[in-house]
Each structure stands twice: as C-alpha cells, then as structure tokens.
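Structure record follows, encoded as structure tokens.
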Amino acid sequence: MKPRTHTCGSLRAEHVGQTVTLHGWVSGLRDKKTIFVVLRDRYGTVQVTLDEKCPEDLMAIGKQLALEYTVEVQGLVRLRHAPNDKMETGAIEIEPASITILSKTKPLPFKIDSLKEKPTEEVRLKYRYLDLRQSQLQKTMRIRHKTALVVRNYLDDQGFYEIETPILNRSTPEGARDYLVPSRVHPGEWYALPQSPQIFKQILMIGGMDRYFQLCRCFRDEDLRADRQPEFTQIDIEMSFVTQDMIIELSNGMIRKVWKDVIGVDVGDIPSITYAEAIDRFGVDNPDLRFGMELFTADWQGTEFGVIGNALASGGVARGFIVKGGAEVSNSLFKTHKKKGDGDWLAFVKKYRLGGLLYGKLENGSWSGPLSKVEPELLTTIEGVEDGDLVLIGAGPANHVNTAMGRLRAHVARQRALIPEDAFAFVWVTDFPAFEHDEDNDRWVSVHHPFTQPIEEHIEWLGTERMGDILSDAYDIVCNGYEIGGGSIRIHNSEVQAQVFKALGLSEEEAKNKFGFLIDALQYGAPPHGGLAMGFDRWTMLLSGTENIRDVIAFPKTSKAQDLMADAPNTVAKEQLEELFVANTVSDEEESSSDSE
RNA sequence: GGUGCUGUAGUUAAGUUGGUUAUAACGCCGGCCUGUCACGCCGGAGGCCGCGGGUUCGAGUCCCGUCAGCACCGCCA
C-alpha cells in the first residue's frame with residue numbers, strides 16, 4: 001500500500017494535473033464502455049474514470065470491482081467533460097494509472113446510503129460495521145466527537161480537572177437496578193457498575209479538587225426507550241463554593257459554545273421557570289417551549305356537567321388547552337370504536353390513566369361536542385377561544401390529568417406541525433419538590449437524590465407533615481421537551497444530611513451501610529458544593545436532529561439490551577461461574593429454548 | 001410486568017374474500033451500451049413466507065402459542 005496523498009472529498013479543480021493516491025470504498029459503479037467508479041472515504045466521494053485511454057489490464061481490474069470493495073487508486077486529477085454540480089468534487093475526476101484491490105466483500109446485506117430503501121434497524125445493528133459507513137452515522141459520530149472536544153476545552157478554560165471515578169463500585173440499592181459484577185477474590189460479594197459517579201464527585205469536592213468534570217459512562221439495568229440505553233454517557237460536573245446561579249451560568253456558557261461551535265446555532269438567553277410553573281403551564285416538568293398551546297385550568301366548581309363536577313368534588317382537577325383552528329378535526333379521534341379500539345387522542349390520554357377526553361368545538365358561535373353541555377358562562381371563562389377552535393379538557397386526579405394533557409399537548413403539536421423545524425427551546429426548571437410520597441410502600445422518597453440540599457427555610461419541615469412542601473435547591477435543563485441535564489446543590493452539613501436520612505425512614509445504621517463513606521467524609525470539613533450531569537447522548541441527539549439514541553452511539557443495544565452484532569449478553573462456561581461462586585438458576589432447557597430462533 | 005405495530009428472496013416491500021407455479025424493485029451473476037453520476041437495455045440465479053401448533057379438502061393469508069425488532073405504559077433516586 002502506498003501512502004495516501006489526498007482524501008476523496010478534498011479534490012477540486014485546483015488539483016488538476018496532480019498525481020494523487022487515494023484509498024476508499026467503491027460506493028458507485030457504472031460499468032459501460034467507460035467504467036465510472038465512485039470512491040468514498042470519511043471525507044467525501046470522487047469519481048475515477050476508466051475510459052478508452054486506459055490500458056487493458058487496468059480495465060480488467062475495473063471489471064472485477066464491486067460495491068464496497070476497498071481499493072487504492074493512483075492517478076491523475078483532470079477536469080471532467082461533463083461536470084456534476086451535485087458532487088463536491090464534481091468538477092474533476094481521476095484518470096487512474098493503477099488500481100489495487102485491497103480487500104473484497106461478500107454480497108452486501110444492504111446498500112450503503114441507498115436512496116431507494118433503508119435497511120431495518122435490526123439489520124443495521126447486526127451489520128453495524130456497514131451501518132457506520134452510512135452518512136447518518138458518519139455525521140453523528142463527527143458531531144459526538146466535536147461536542148466532547150468543545151466541552152472538554154470549555155471546562156478546561158473554566159479551571160476544571162477531568163478526573164476518573166471507579167467503574168467497579170459498591171452497590172447502593174436505591175434508585176435504578178444495578179448491573180452487578182461478581183468478585184472472584186471475595187466469594188459471594190459483588191461490585192456494581194455506577195449509575196452515576198454521584199458520591200465520588202462529592203468526595204472529590206471534599207478532597208479539595210474544587211472543580212471536577214468527567215465524560216463518564218453510566219449503567220442502569222432498567223427497561224429501555226427510544227432515548228434510553230443501558231449504558232450511556234454523561235457530562236458529569238461538580239464545583240465547590242457555588243450557588244445554583246453560578247452553576248446555571250457556567251452551564252449556559254457551555255451550551256452556547258457547543259451549539260455555536262458544533263452546529264453554528266446561537267442559543268441566546270435561556271429562561272428559568274419553577275417546577276410549579278412548568279406543571280401549571282405545561283402539565284409536565286420537561287416542557288417543550290418551541291410552541292404555545294399552554295394548559296388552562298377549568299376551575300368550574302359546582303358545574304352540573306358530571307365528569308368535571310365529580311372530578312373537582314373528589315379533589316381532582318380539570319385542565320385543558322385550545323387547539324387553534326382545530327374544530328375541523330374528526331370526532332373519531334375522541335371516540336371508542338367497537339372494532340378499531342379508541343380514537344387516536346382518546347387512546348393517547350388513556351395510556352396515562354385518564355378515563356376519557358372531553359372536547360368542544362366552537363363553530364359559527366355555537367359549541368358542539370361533550371363540552372357543549374357545560375354551562376355557557378363557564379365556557380366563556382376559557383381565555384382566547386375563537387370561532388373554529390377546539391378545546392380539549394381532561395378531568396381526574398391532578399397528577400394523571402397533568403401528565404396526560406401535557407403529553408397530549410406535545411402529541412397534538414407534532415401531528416398538526418406546530419413545531420418549528422431546526423428550533424431549540426432551552427429552559428431551566430427549578431425549585432423541585434425535594435420529596436414525594438411513595439403510596440405503595442407508604443414512605444417518603446427523594447425526587448432527586450438524598451444528598452440534595454433542601455432550601456434553607458424548609459429544612460425545619462423535615463420529618464413533619466410538611467415533608468411534601470419542602471422544595472430543593474435542584475434544577476433541570478430541558479430542551480425541546482427532553483430533559484438533557486439536571487443537578488443540585490448538595491448537602492454539605494452532616495447534621496442536615498442525617499436529618500434527611502431520618503426523614504426518609506433510613507435508620508442511622510442503614511444510612512451508614514449504604515452511604516457510610518460519604519457521611520464520614522462530610523464530617524471532615526466539607527465545602528458547600530453542587531453540580532449537575534448533562535445527558536451527553538441526548539445532547540448529541542438534539543445536535544444531530546435525531547429522535548433515536550441508537551443513532552448517536554456507535555455500538556448501541558436493542559430495546560431488550562442486546563448487542564445484535566457482538567451477540568451480548570451470552571452464556572458462559574460453568575467453570576467461569578464456579579470460579580466466581582455464582583450459581584446459574586436458569587436451567588439448560590430454558591436457556592436453549594430462549595436461544596433458538 | 002403490560003399494550004400496540006411489524007416479521008415474505010441478500011435488502012426493501014406487494015400479496016385481494018383462504019384457492020392451486022408467491023410478485024416487484026434494488027443488490028448479485030452473465031451479456032449489451034462513447035461520459036455515466038439513483039446510468040440504461042436484455043437474460044439468469046436466488047424462498048423453511050420468523051418458529052411451533054391448530055382450524056380447513058386447501059393457510060403467506062384465519063386462530064393459539066412463541067421468538068425477534070420497534071414504539072409506548074409501568075420502571076428509570
């Protein structure tokens with residue numbers, strides 16, 4: 001192999017007359033009297049032309065080529081007879097002096113960057129090495145790399161150290177399920193892979209590192225979604241002697257720099273709203289601010305209209321939003337069809353445990369639909385309804401109504417194309433409740449995590465009937481409806497920390513057992529500190545314009561957490577298990593049946 | 001743990017009310033074509049219709065189960 005002199009995408013008219021050596025894959029082949037070979041590498045494509053001037057032995061090699069062969073081409077850059085404006089290198093072509101086939105390919109499972117058909121994701125994941133050649137992944141890997149680089153440089157400029165924390169860790173059975181690793185030298189004992197480096201980064205602050213960050217892999221053994229993988233990467237940040245405002249300011253600077261440097265977008269100012277405001281205006285704590293259609297509250301105490309009246313009487317709420325010009329939508333969206341099931345919008349809210357969806361259409365001054373039965377003087381309290389509009393209302397328990405109507409708001413906006421393309425709407429959500437009551441187990445649990453600082457004035461409510469009113473010094477950053485980061489000011493006072501554990505029903509012994517080393521460390525001059533973790537994969541998704549997290553990860557797993565290429569997870573030899581003192585409780589029969597196709 | 005959609009050639013899809021030889025496009029192989037660029041033309045090979053069971057004279061099609069992919073609910077401090 002000769003050294004490469006140029007990349008395929010780099011050649012222009014100014015190179016005409018130069019002899020170049022290129023390496024790449026055959027991405028296009030037009031075998032006529034003249035053979036046209038399109039050569040592709042990471043940097044672009046260029047046409048290699050074998051015409052009547054070509055010696056016969058070279059034509060013979062040209063005849064052997066097939067798509068995705070890896071080749072070396074040495075030749076002369078010349079102007080084309082027929083330039084191609086659609087190609088960056090379309091002004092020129094290569095007149096080859098030699099072509100070497102570096103490696104051949106078996107028949108391909110799919111054509112790279114085919115315009116006609118896209119392979120299913122299952123096929124793409126199995127042949128990920130071919131999928132990676134496609135422009136989509138070439139682009140997202142570039143964006144991912146560039147984002148990481150900008151983040152590292154930005155944080156370095158701000159005085160941060162990147163410090164690694166352990167992958168093999170102790171299990172803390174709070175929150176998500178841990179991935180466990182058996183210890184060979186300590187029979188019966190296990191490491192856990194980190195769900196996040198939370199405790200270690202706090203200890204780095206106690207250790208005087210002042211400003212820490214890490215692009216770190218985190219692991220959670222939970223069921224997956226389009227935007228969730230079992231292992232994912234976060235930009236983990238912790239700072240000493242900071243306030244919430246300082247962390248938000250630093251984060252805003254980082255977001256602006258990344259969006260500008262990676263995709264050329266000016267983010268501008270990023271607003272903040274409180275959790276309470278987010279729920280009030282949007283029903284959810286990760287609102288999409290790219291469009292309006294905010295929720296209103298139908299506070300119609302005493303209405304004769306049964307569904308809403310009953311919901312309010314039993315302590316629930318009625319909330320909804322106006323769909324501008326929505327009166328023309330089909331009523332079948334709201335109906336239960338005997339055979340086909342529920343209409344789209346009705347079925348949508350039912351997923352969120354809402355019993356039904358009320359609607360009213362205002363046309364030519366008169367209401368139709370279920371809401372037409374509501375007292376007219378109450379209907380007029382809905383602000384901003386005009387002729388031709390549709391009003392949607394959900395009624396029931398507050399948490400169900402807020403979630404259902406908040407999600408429906410986004411669903412409707414998407415269906416009706418109300419979301420501007422290429423827009424980014426960032427927002428900080430602050431003042432989260434510190435604790436929520438777990439009805440199933442009748443106990444209080446942390447909304448964020450138990451090291452989150454409750455706001456000063458609320459600390460005295462710990463362990464009282466006002467637990468649910470305690471707000472925390474925590475904040476989430478949301479973009480386009482995705483939670484892309486979150487953090488908090490941490491408790492640095494070991495007495496407050498002890499009060500929190502107590503309020504959560506953790507005995508001193510249990511707390512010590514779970515978080516002992518942090519509790520100890522907090523007693524040795526802990527600085528006030530706080531930080532946050534940014535979802536690096538979700539950042540990359542937004543920057544790439546994809547809604548699928550697998551599109552921004554080189555080797556992702558399926559929704560059942562399998563790697564279809566590497567075929568992981570897999571069974572291991574009995575001897576391996578014995579060495580680790582692990583018993584396999586799955587019978588061989590079960591194993592083989594689940595393995596077969 | 002649950003719900004929905006999908007599974008037919010290497011790939012992407014079509015396949016009607018259950019009906020006899022399962023289609024097409026791309027890719028692959030062979031041939032033709034003076035400059036193509038989603039090249040074009042002619043010919044060819046290629047199928048466990050995801051898997052298992054059932055209903056039926058007959059199943060790609062209907063029913064049950066199962067596996068896989070995707071999306072969602074629960075879950076994800």
Side-chain angles (χ1 to χ4, degrees), chain A residues 27-38 45-53 63 66-68 80-87 89-90 93 105-127 130 172-178 195-196 198 218-230 232 340-342 344 347-354 400 403-404 407 411 432 434-436 438 440 444-452 472 474 483 486 488 504 514-515 533 535 547-548 550 557-560 562 564 593-597:
Chain A
S27 73
L29 201 52
R30 293 178 284 276
D31 182 4
K32 304 171 67 74
K33 270 276 175 321
T34 302
I35 301 175
F36 300 95
V37 182
V38 181
T45 58
V46 67
Q47 177 168 285
V48 179
T49 306
L50 288 76
D51 56 19
E52 71 281 353
K53 290 158 77 178
K63 288 275 181 201
L67 289 179
E68 300 305 317
R80 288 205 202 183
H81 301 170
N84 181 352
D85 298 339
K86 291 182 212 154
M87 238 174 127
T89 62
E93 64 189 1
T105 172
K106 301 205 318 192
L108 296 164
F110 57 89
K111 193 177 175 189
I112 306 303
D113 277 334
S114 170
L115 298 174
K116 289 181 181 167
E117 63 205 24
K118 295 207 184 317
T120 54
E121 195 152 14
E122 203 173 348
V123 176
R124 290 174 52 199
L125 290 173
K126 184 169 179 190
Y127 298 95
L130 296 177
T172 54
E174 291 279 313
R177 273 187 282 266
D178 284 324
Q195 297 174 24
S196 96
Q198 182 60 37
C218 302
F219 305 85
R220 292 179 190 174
D221 187 8
E222 293 292 342
D223 288 349
L224 307 178
R225 288 287 190 283
D227 60 353
R228 260 194 245 160
Q229 281 276 298
F232 60 96
K340 288 186 286 177
D342 293 327
D344 183 12
F348 188 89
V349 296
K350 278 189 169 180
K351 288 189 307 193
Y352 298 95
R353 291 183 288 177
L354 212 55
H400 295 179
T403 306
R407 299 281 175 226
H411 182 69
F432 279 81
F435 309 102
E436 63 188 348
D438 174 359
D440 294 342
W444 288 95
V445 295
S446 301
V447 168
H448 202 61
H449 56 59
F451 319 116
T452 302
S472 63
E483 185 203 321
S488 63
L504 290 172
K514 285 179 180 173
F515 315 111
E547 296 187 336
N548 181 342
R550 295 178 297 276
K557 292 182 174 59
T558 68
S559 64
K560 284 198 180 156
Q562 282 186 288
L564 295 181
S593 71
S594 69
D595 272 359
S596 61
E597 295 301 308

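Proteins get letters first, then strands, A, B, ... in listed order; numbering begins at 1 in each.
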- Message: Using Watson-Crick or G-U wobble geometry with both distances under 3.5 Å, which nucleotide pairs with rU55(B)?
- Response: none

- Item | Interatomic distance, L564(A) CG vs rA68(B) C1' [rounded to whole Å] | 9 Å

- Of all the choices, rC72(B), rU12(B), rC75(B), which nucleotide is nearest to the side chain of Y352(A) once you look at every atom? rC72(B)

- Please confirm whether the backbone N or O of E222(A) pairs with a side-chain atom of R177(A), one donor and one acceptor, at under 3.5 Å? no

- Got a donor-acceptor contact below 3.5 angstrom from the R228(A) side chain to the D223(A) backbone? yes

- Mapping R220(A) and R225(A) to their closest nucleotides on RNA chain B, which lands nearer the 5' end? R225(A)

- Query: Atom CG of D227(A) to atom C1' of rC70(B): distance rounded to whole Å?
  - Reply: 14 Å

- Task: Respond yes when some side-chain nitrogen or oxygen of S559(A) is under 4.0 Å from OP1 or OP2 of rG69(B), and no when none is.
- Result: no

- Task: Report which part of the nucleic acid K106(A) touches: base, sugar-phosphate, or nothing (heavy-atom distance under 4.0 Å, all strands).
- Result: nothing

- Picking from rU11(B), rA68(B), rA71(B), the nucleotide nearest the side-chain atoms of P119(A) would be rU11(B)

- Note on the structure: Per-nucleotide protein contact along nucleotides 27-39 of chain B, 5' to 3', at a 4.0 Å heavy-atom cut-off (B base, S sugar-phosphate only, - neither), is -----BBSBBBBB

- Item | Nearest-Å distance once atom C1' is located in both rG1(B) and rA9(B) | 38 Å

- Task: Sort out the partner of rG60(B) for me: Watson-Crick or G-U wobble, both distances under 3.5 Å, none otherwise.
- Result: none

- Do R228(A) and rC76(B) have a side chain to base donor-acceptor pair shorter than 3.5 Å? yes

- Any chance the side chains of T105(A) and E68(A) put a donor and an acceptor closer than 3.5 Å? no

- Paired with rC75(B) by Watson-Crick or G-U wobble geometry, both distances under 3.5 Å: which nucleotide is it? none

- Query: Nearest-Å distance, CG (L224(A)) to C1' (rC76(B))?
  - Reply: 10 Å

- Quick one: which of rG69(B), rC73(B), rG1(B) gets closest to the side chain of T558(A)? rG69(B)

- Take atom C1' in rG54(B) and the same atom in rG46(B), then report the distance between them in whole Å. 32 Å

- Item | Side chain to side chain, Y352(A) and H400(A), heavy atoms closer than 4.5 Å | no

- Task: Grab the NZ-C1' distance between K118(A) and rC26(B) for me, whole Å please.
- Result: 13 Å

- Between rG58(B) and rU17(B), how far is it from one C1' atom to the other, in whole Å? 15 Å

- Roughly how far apart, to the nearest Å, are rC67(B) and rC28(B) at atom C1'? 30 Å

- Item | Integer angstrom distance from the C1' of rG60(B) to that of rG47(B) | 11 Å

- Note on the structure: rU20(B) -> Watson-Crick or G-U wobble partner, both distances under 3.5 Å, gives none

- Starting at atom CZ of R353(A), determine the distance to atom C1' of rG2(B), rounded to an integer number of angstrom. 13 Å

- Message: Whether Q229(A) contacts rC76(B) is assessed here as follows: a side-chain N or O lying under 4.0 Å from the phosphate OP1 or OP2. Is that the case?
- Response: no

- Provide, to the nearest angstrom, the distance between the CD atom belonging to Q562(A) and the P atom belonging to rC67(B). 12 Å

- Message: Checking base pairs now: Watson-Crick or wobble, both atom distances under 3.5 Å. What partners rU34(B)?
- Response: none

- Message: So, OP1 or OP2 of rG69(B): does either fall under 4.0 Å of a side-chain N or O from T120(A)?
- Response: no

- Of E121(A) and P109(A), the one whose closest nucleotide on RNA chain B sits nearer the 5' end is P109(A)

- Message: Please report the distance, rounded to the nearest Å, between NZ in K126(A) and P in rG10(B).
- Response: 11 Å

- Pair assignment for rG4(B), Watson-Crick or G-U wobble, requiring both distances under 3.5 Å: rC70(B)

- Message: Could you check, using the six-membered ring where one of them is a Trp, whether F232(A) and F219(A) have ring centers closer than 6.0 angstrom?
- Response: no

- Mind calculating the distance between CG (D438(A)) and C1' (rC76(B)) to the nearest angstrom? 14 Å

- How far, in whole Å, is rA14(B) from rA24(B) if one measures between their C1' atoms? 7 Å

- Could you tell me which residues satisfy side chain to side chain contact (heavy atoms under 4.5 Å, CB included) with D85(A), sequence neighbours excluded, listed by chain and number? none

- Any side-chain donor paired with an acceptor under 3.5 Å for N84(A) and Q47(A)? no

- Query: How far does the C1' atom of rG19(B) sit from the matching atom of rA59(B), given to the nearest Å?
  - Reply: 10 Å

- Watson-Crick or G-U wobble partner for rG43(B), using a 3.5 Å limit on both distances? rC29(B)

- Task: Kindly say whether A176(A) contributes a backbone atom to a donor-acceptor pair with the side chain of Q195(A) at under 3.5 angstrom?
- Result: yes

- Message: Between S472(A) (side chain only) and F432(A) (backbone N and O only), is there a donor and an acceptor less than 3.5 Å apart?
- Response: yes

- Message: Taking rA38(B) as the reference, what is the distance to rC33(B) when you measure between their P atoms (whole Å, please)?
- Response: 23 Å

- Can a side chain N or O of R124(A) be found less than 4.0 Å away from OP1 or OP2 on rG69(B)? no

- Message: So does L224(A) get a backbone contact from the side chain of S559(A), meaning a donor-acceptor N/O pair under 3.5 Å?
- Response: no

